[in-house]
Every structure is written in C-alpha cells, then in structure tokens.
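Okay, structure first, notes after.
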There are 2 protein chains.
Amino acid sequence: MSDRLETTIHDIAKKLNISASTVSRALKNNPVISEATRKLINKTAEEMGYRPNTLAANFRTKRTNTIGVIVPLIHRHFFSSVISGIEEVAYKKGFTVTISQSNDLLEKESKIAQTLFANRVDGVIISIAMETTNFDHLQLFPAKNIPIVFFDRVVDEIDAHKIVVDDFGGAYRATRHLAEMGSKRIAHIGGPMNLNIYKNRQAGYLKALADSGLPTDEMLVINNNLTREQGIEAVQKLLNLPEKPDAIFCANDTTAQSVIFHLIKTGYKVPDDIAVVGFSNEPFSEMVTPSISTVRQPGFLIGIKSADLLIEQILNKQKEIEFQTIVMPTDLIIRESSARQK
Amino acid sequence: MSDRLETTIHDIAKKLNISASTVSRALKNNPVISEATRKLINKTAEEMGYRPNTLAANFRTKRTNTIGVIVPLIHRHFFSSVISGIEEVAYKKGFTVTISQSNDLLEKESKIAQTLFANRVDGVIISIAMETTNFDHLQLFPAKNIPIVFFDRVVDEIDAHKIVVDDFGGAYRATRHLAEMGSKRIAHIGGPMNLNIYKNRQAGYLKALADSGLPTDEMLVINNNLTREQGIEAVQKLLNLPEKPDAIFCANDTTAQSVIFHLIKTGYKVPDDIAVVGFSNEPFSEMVTPSISTVRQPGFLIGIKSADLLIEQILNKQKEIEFQTIVMPTDLIIRESSARQK
DNA sequence: TTGTATGCGTTATCAC
DNA sequence: GTGATAACGCATACAA
C-alpha cells in the first residue's frame, strides 16, 4: 500500500532544483548531459530509491521491449529448447519474453494473437498449431508493421522471416539409411499434410525410396496427428497388410516409441524384423531400449536465430528488408532401433 | 507505419458527438451506461476498427494483467507442467504470463526479478534457483504489496502462499519400499541442503530408515547438484565403500537414471544387486530399461493451484490474508528398477 | 445517464 | 547543456 511513495523523475528534479527533462535525459545516459549533473542525478535517484516506471515509458514510446512467443506445447522438448534459445538472446538484449501455448488449437492461438497484439508486443515468434489452416489472426501483425518470425511450422501465406529445419533432408537420410540396412518395404507414419514440415518429411521419404530403387506403395503411408495412441493404431494397420513393412519411418519420436513398444509387445524384433526411425531426438529417445534412431533438430539454435532476426527487425523498423527462409541442418542419429547387424 | 491511423476512444466520441468518458464506460460494460448508447458505441467501435490501447490503460490503472513466472529451467518436465497449469488458469482469467528461467543462477534470478518488477507485473510465481540463499531481490515484491507465490523450492524467510509437494512423505514411502524389498543398506544421493525440498526428502529417507529398523550411516548419504555427471561420481564413491549399499534412493530421476546406467555398465544387476528409486517421474522414467521407480509430483495441479492463489490475491489486494503452505500429495510409482522378485 | 476536467510518468519538441 | 511544455490514451472523481 506504499504506492504513494513511488519516486518519479519530478521528485528528483524538485530535490535538485533542476527540470524533469534533465533528469530523464541523465537517467537515459543521453550524452548531451554533462558528466557532473549526470552523476549527481544518478546518485540522488539511487538515494531516493527511484525506480523507472516502465509502464509510463512504454506508453509514451509505444514500445514494450517485449516479444511474444506462441508455441503449440511448452513442454515438448523441441519447443522448450527453442524457447530457451529465444529467452537467452532476448534477455541479453533487454527484451522480455511472453510465452503462450496454443495447445495446437486454432481458436486459442487466435485469442493469444489478439492478446499479444493488444499488449503491444514489439514482435512475435511463432510455430503454428496443427489445426491452423487460416491465417487471418496472424495478418494482424504484418498489417500493423509488427515483425513476426515463423519457425518450424511456418506459413507460406505470410511474408516474413522463416526458420525451418531441413525436414526433407532429414527424412531423406533417415529413409536412405533404412534402405541401406536392407529394408525393402519401408512404411511412413506422417503428420497432417497442412503443415509444411510433415509435407517435407514425406517428400524426403518418397524421394529416398525412389533413389533407392524401392517402389512406393500408398498402403504404406499413414497420416495422423502423431500421438501415442494414433501411433499404435497406425502400426496395427500396417501389420494387418498382406505385405507387411520391414521398416517404419515415423515423423516424430513419440510415434516411433509407441510403434516400437507395440511391435515388441506383439513379438516382433526391432530392428531385425522391423527397423524404426523417428524424428526430433526427444531426450527419451536415447534412454529407451532399444534406443531410437532419429533426426536431430537444433532447437536451441533455432531459438537464437529467430530471436536475432526478430530483434533486428524491431530495432530497424524503418529499413526495408528482404525476407529470408533459413534452413537449419538436421542430422541423422543412428541408434539401436535401426542398426541391423548385416 | 500506419500508426497514425490508430482509432482512440476520442475518435469514436467525436464521430458520435458524445464524450470520451461515455465511450470508455460503454466499452468497459459499465452498467451505468444505457443499453442503447452502449450498443451504438460498440457498433461504431467495431466499424472504426477500434483496438483498445492496453498500454495506456495499464499506465492509467497501474495494473498490467500480467503475472511473472520464474523457474530454474523451462525444459524440465516438472516445470513445464507447472507452467502449463499456470498458463491455463491465467488464460481463462484474462491474465498474460511472462516466463523467465533463472538457469539456477542467483544473479540471473535477481535480474529477472528486477525486470518483472520494473514491468509492474501484478504478481509473481517462482521456484527459486539452486544457488539462491539470499532473498533480497525477492523482498522487492512483498515490500510493494505485489503478491508472490512460491512453489516447490520455497523460501521460509518470506511470508507468502507456498505450494510444496509432500517431499517428506514421498521420500519416506520410497525408502520404506526399498526396505520392504529386503534392502539393508540404503544409500541416498540428495540435493543441496539449502533447498527445503531436498532437506525434506532427506528427512523422509532418514525417518524411513529408523522406522524400518535400519541403521543410518553417514557414508551412505551424498549431497550434490543432482546432475548426470555428479550422479555417476556419487555412485562410484558408494561402490568404493567397504560396505556397499544394496539400494539407492536418488533425489531426482536424472540422477537415478545415470546411477542405473553406471551400475549396469559396471556389471551390477538392477534391482537385484542394487535397487534404485528416483524422484519426480520424468517422462523418460517409464520408458527406459529398466523403468525407474519414482515419486510422482502433480506439476500441472501445482501450476493451477499457484495461479489460483496468486490471482485471488491480485483481485483482492486490500483484503488481509492468512498465508498458507499447501502440501500436494505425492505417490510412489513402483517400476522395474526397484521391484525385486521376493 | 452523461459530460467535464484532470492526471498517471515519461519522453519529445522546441526554445533558450 | 538545460528548461518549459505538450502530448501519449485512458479512467475516474466530480458535476450536472
């Protein structure tokens, strides 16, 4: 309840018999102020327990030094790694990070966007929800000249910097690797086709099949939302085929894990009968038995890069920029779930 | 660059030949305004593309509808679960959540606190860094009547709501369980004693030993920071004892996992030679082989409860409240790493 | 039920 | 190098 006692620049000014503008300038290290007065002001401010009112400054300058981050699920390791990267850069450059999760729901994502906008964030970093196919709620930002950076699940329809991982290449190498292990019928459990990342992973898979001289078979490709449950459903379907697969490339590790779990439970040997590769390199992937071969995505680096690009735009708002799509490298990690003894 | 075009309540007022205050009231659904004018104003606002300037409102009301969250590491599953819970409640009640991670460093935690304070968050939810033994940076909030809620790693020195898990009980049951499995020399790898959670886990361990009629042995208790590396160091030390332990209760799952890894690598059978129990129920714990017995903490619920308590305080600032420490239940999950065939 | 007047704390513009 | 003043957009005490 000691709100009345909040010291302002006017209090400091009065005490020193100078003007508030001088105090303001001094506290902002404006070079126009003489060394002597600046020191005096800083000292007095300290003594009086002055704390700048960021709210007032934000209001005045129309800037908040805040960047909004929207991710589908905070506790997904990939996303929390990206957030860590963002947070690291933002913290160093004096920005605050506001984080929200869409829970992969369009409606929530949209409401979050409204809120961030209303709170006048200086910029937005987002990986869109699985559900999101309409982007009106995101047009808000470009329309008002608020920079936005997309990562991972990006949107073609909006012109902006985009950071993606080499999904195609990762999937390609994963599938080639399965072929090199002697697999002839390689199945794919992929994600929803409205998301580029899954489209690209699927394309990499198909290209690898072609380059390996293996035929493609529609029956061997299943698309769903890549949950644990759907992974099990999918593998059951695959096992019911007249010609069963001898390898499965899953578009994420969660699915790979549930697939392996089900295969072992039903008596298959992994990787001997059926080899499995996942995608994302979740922390559990190297700890489980068999450990899961997977494709590593540099989450932390993506966060750093996204924040760098965003903050650069925030600080140079007038400058016209060439938007770029940066493809971060992925690499295949071969573990037990696919390493057959030849 | 379309900043000039931002519609304000004054624009609406002018257009309708009414006063800005009426517009302000109408938009806030102030019941004093007549149904007719309210409708008219809302309609006009919509037509003119009015977007309330939250910055101005915040400045005016000295409230931001923002709650600050400080956790040691965002990507720790327990913490991201708590964050999810907080986010869920906050979102429903119209609050924005600002998240920062201290990386378990006092200095960063302190700077974050300053920033949150400067940004005038309405309240703070925090689990303190491992390093934190001095709390001056947190006194800031109670001093200015900004509510703060502690969870998990709480602070005795500050009067506030606290949500903890039943560390004592969880540790007690874990250790009793090891004793019931026939273990006679149960070791403990615990965390730093400046954190209550680890003090309580250790106390639970000691009480369980006593209640099981087992002697305590100082050599069997090792305290460190519970990283993977330190876990391995610790277990090496234990294995070098003249009388080796036949069970180890670890204060987190990361340590448990590294301990098991090392035990198996050096030829011990888990749980037969040495049984292991962890703490926290990380997602990997049920996936690894052997799966890890552990103590579950209700992270999501803790988040919900913390946010509920905080927001209640924010909304009833005048009310004098009785601070409470809420103990959330833990439960022991018995898995392969401790389940001996008797 | 509506209008008038004022101020929140800071920064920017202009003057000196 | 410093000062005076206005303005940002909104909410509220008070008046009508």
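Protein chains get the first letters and strands the later ones, always in sequence-line order, with residue 1 at the start of each.
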Under a 4.0 Å N-O cut-off, is there an ion pair linking B/Glu87 with A/Lys108? yes
Here the distance between atom C1' of D/dG9 and atom CZ of A/Arg120, to the nearest Å, is 10 Å
Exercise. So what does B/Ile18 touch, heavy atoms closer than 4.0 Å: a base, only the sugar-phosphate, or nothing?
Worked result: sugar-phosphate
Verify the contact: side-chain N or O of B/Tyr50 to OP1 or OP2 of D/dG9, cut-off strictly under 4.0 Å; return yes or no.
no
CD1 of A/Ile126 to OG of A/Ser102, rounded to nearest 0.5 Å, is 7.0 Å
5'-most contact on DNA chain C (nearest-nucleotide basis), B/Val32 vs A/Ser21, goes to B/Val32
Separation of D/dG3 atom C1' from A/Asn30 atom CG, nearest Å, is 14 Å
### Message
Any side-chain N or O of A/Lys62 below 4.0 angstrom from OP1/OP2 of D/dG9?
### Response
yes
Do any N or O atoms from the side chain of B/Ser81 and from the backbone of B/His77 form a donor-acceptor pair under 3.5 angstrom?
yes
Atom CG of B/Asn53 and atom P of D/dC10 are separated, to the nearest Å, by 6 Å
Assign each of B/Arg60 and B/Thr22 the nucleotide of DNA chain C bearing its closest heavy atom; nearer the 5' end lies the nucleotide of B/Thr22
note: A/Lys14, atom NZ; D/dA4, atom P; distance rounded to Å ~ 13 Å
Base C/dT13 to side chain A/Arg25, donor-acceptor N/O within 3.5 Å cut-off:
yes
request  = Tell me yes or no: between the side chains of A/Thr98 and A/Asn119, is some donor less than 3.5 Å from an acceptor?
outcome  = no
The correct set of residues in residues 33-44 of chain B placing a heavy atom under 4.0 Å from DNA chain D is none
Applied to residues 63-75 of chain A, the salt bridge (charged side-chain N to carboxylate O under 4.0 Å, His left out) test, sequence neighbours excluded, yields A/Arg63-A/Asp122
Quick one: the side chain of A/Ser24 and the base of C/dA12, do they pair up donor-acceptor inside 3.5 Å? no
From CD1 of B/Ile9 across to P of D/dT12 the rounded distance in Å is 11 Å
Rounded to whole Å, the CG-P distance (A/Asn58 to D/dG9) equals 14 Å
Rounded to whole Å, the CG-P distance (B/Asn17 to C/dT4) equals 11 Å
Picking from D/dC10, D/dA4, D/dG9, the nucleotide nearest the side-chain atoms of A/Ser19 would be D/dA4
Parallel, tilted or perpendicular: which one describes the rings of B/Phe323 and B/His161, with boundaries at 30° and 60°?
perpendicular
Taken to the nearest whole Å, CZ/A/Phe59 to P/D/dA7 is 13 Å
- Could you tell me whether A/Glu35 and A/Arg38 make a salt bridge, using a distance below 4.0 angstrom between a side-chain N and a carboxylate O? yes
